[in-house]
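These numbers come from the heavy atoms of this one structure, side chains and all, not from hydrogens, waters or symmetry mates.
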Amino acid sequence: VQIVESGGGLVQPGGSLRLSCTASGFQSDPYVIGWFRQAPGKEREGISCILNSGVKSDYVDSLKGRFTISRDNSKNTVTLQVDSLKSEDSGVYYCAARHGRFCTNQPRYDYWGQGTQVTVSP
């Protein structure tokens, strides 16, 4: 299984980014994709996850409304749309995957991407 993130970069406060995660190697097995992030000096936190069926779940309520996860199974791609970016959104954003049909906490994700850097600065 391979997980590859893309779409990070430098963006001004108030701007938007579209992060992509492509998962390969699952064949026809159902799998869950989760997006996580880690700010400098902080622990990695969960953002959202999404099932094969498209059912979504948010890990933290504070990010609702600005972070939107979506999935295109035909392309094995999960997208995280991030709007109204703030400086505190800066960090490395990770995509992770696990076999199965439900979202869970970080340690239960088996496959992780290398991360993509997001920097929010004027």
Side-chain angles (χ1 to χ4, degrees):
V1 173
Q2 266 196 322
I3 306 295
V4 178
E5 306 101 331
S6 63
L10 174 64
V11 63
Q12 292 187 342
S16 297
L17 276 178
R18 193 173 182 87
L19 307 181
S20 292
C21 170
T22 301
S24 59
F26 281 97
Q27 309 300 331
S28 58
D29 295 337
Y31 61 96
V32 179
I33 292 288
W35 275 102
F36 302 84
R37 69 179 184 179
Q38 187 167 22
K42 294 187 177 181
E43 291 187 354
R44 189 163 57 193
E45 65 173 348
I47 303 172
S48 295
C49 57
I50 190 165
L51 314 183
N52 260 95
S53 62
V55 172
K56 312 170 191 179
S57 182
D58 296 310
Y59 284 108
V60 290
D61 290 339
S62 61
L63 301 180
K64 285 182 179 179
R66 295 195 301 119
F67 290 72
T68 305
I69 194 170
S70 61
R71 182 165 182 157
D72 185 342
N73 288 330
S74 68
K75 298 180 180 178
N76 296 325
T77 298
V78 170
T79 298
L80 184 69
Q81 176 71 34
V82 189
D83 299 314
S84 302
L85 280 157
K86 307 174 182 179
S87 58
E88 52 262 42
D89 292 321
S90 295
V92 180
Y93 284 67
Y94 296 93
C95 174
R98 65 182 300 273
H99 293 275
R101 301 180 185 272
F102 57 91
C103 293
T104 186
N105 53 6
Q106 289 190 47
R108 296 191 175 189
Y109 281 86
D110 300 308
Y111 311 101
W112 289 81
Q114 293 298 309
T116 185
Q117 177 71 45
V118 171
T119 303
V120 184
S121 180

**Q** If you round to the nearest 0.5 Å, how far is CG of Leu63 from CD of Glu45?
**A** 5.5 Å
**Q** Would you tell me whether Arg37 and Tyr93 have side-chain atoms, one donor and one acceptor, within less than 3.5 Å of each other?
**A** yes
**Q** Counting heavy atoms not belonging to Gln2, are there more than 12 under 6.0 Å from its CD?
**A** no
**Q** Do the side chains of Val55 and Tyr59 join up, straight or via other hydrophobic residues, at under 4.5 Å, putting them in one cluster?
**A**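 Both belong to a single hydrophobic cluster.
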**Q** Kindly work out whether a path of hydrophobic side-chain contacts (I/L/V/M/F/W/Y, heavy atoms less than 4.5 Å apart) joins Val78 to Val60.
**A** yes
**Q** Please confirm whether the backbone N or O of Val120 pairs with a side-chain atom of Ser87, one donor and one acceptor, at under 3.5 Å?
**A** no
**Q** Looking only at heavy atoms, what is the nearest atom pair of Asp58 and Ser48, with distance?
**A**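 Nearest heavy atoms, Asp58 then Ser48: OD1-OG, 2.9 Å.
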**Q** Quick check: Trp112 with Phe36 (ring centres under 6.0 Å apart)?
**A** yes
**Q** So, for Gly113 and Tyr94, which heavy atoms are closest and what is the spacing to 0.1 Å?
**A**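 Nearest heavy atoms, Gly113 then Tyr94: O-CD2, 3.7 Å.
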**Q** Considering non-hydrogen atoms only, spot the tightest contact between Val32 and Cys103 and give its length.
**A** CG1-SG, 3.9 Å
**Q** Looking only at heavy atoms, what is the nearest atom pair of Pro40 and Gly91, with distance?
**A** CD-CA, 4.4 Å
**Q** Is it the case that the side chains of Ser16 and Asp83 hold a donor-acceptor pair, with the cut-off being a distance below 3.5 Å and no angle test?
**A**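 Judged by distance alone, the side chains do pair up.
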**Q** Donor-acceptor pair, Arg18 side chain versus Gly7 backbone, under 3.5 Å?
**A** no
**Q** Looking at side-chain heavy atoms only, is the closest gap between Ile33 and Cys95 below 4.5 Å?
**A** yes
**Q** How far does CZ of Arg66 sit from CG of Leu85, to the nearest 0.5 angstrom?
**A** 6.5 Å
**Q** Strictly under 6.0 Å, is that where the ring centroids of Tyr31 and Tyr111 end up?
**A** no
**Q** As a test of understanding, state which of Ile47, Thr79, Thr116 forms a side-chain contact (heavy atoms from CB on, under 4.5 Å) with Leu19.
**A** Thr116
**Q** Using every non-hydrogen atom in the two residues, find where Ile50 and Ile69 come nearest and quote the distance to one decimal.
**A** CG2-CD1, 3.7 Å
**Q** When you measure from the side chain of Asn73 to the backbone of Asn52, do you find a donor-acceptor pair of N or O atoms at a distance under 3.5 Å?
**A**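 Indeed, once roles are kept as given, a pair shorter than 3.5 Å links the two residues.
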**Q** Less than 4.5 Å apart, any side-chain heavy atom of Phe26 and any of Asn76?
**A** no
**Q** Is any NZ, NE, NH1 or NH2 atom of the basic residue among Lys64 and Asp61 found under 4.0 Å from an Asp or Glu carboxylate oxygen of the other?
**A** yes
**Q** Around Glu43, counting heavy atoms of other residues, nucleotides and ligands shown, do more than 12 lie under 6.0 Å from its CD?
**A** no
**Q** Using only atom types and a distance under 3.5 Å, with no angle test, would you say the side chain of Glu5 pairs donor to acceptor with the backbone of Gln114?
**A** yes
**Q** Quick check: closest heavy atoms across Tyr109 and Cys49, and the distance to 0.1 Å?
**A** OH-CB, 3.5 Å
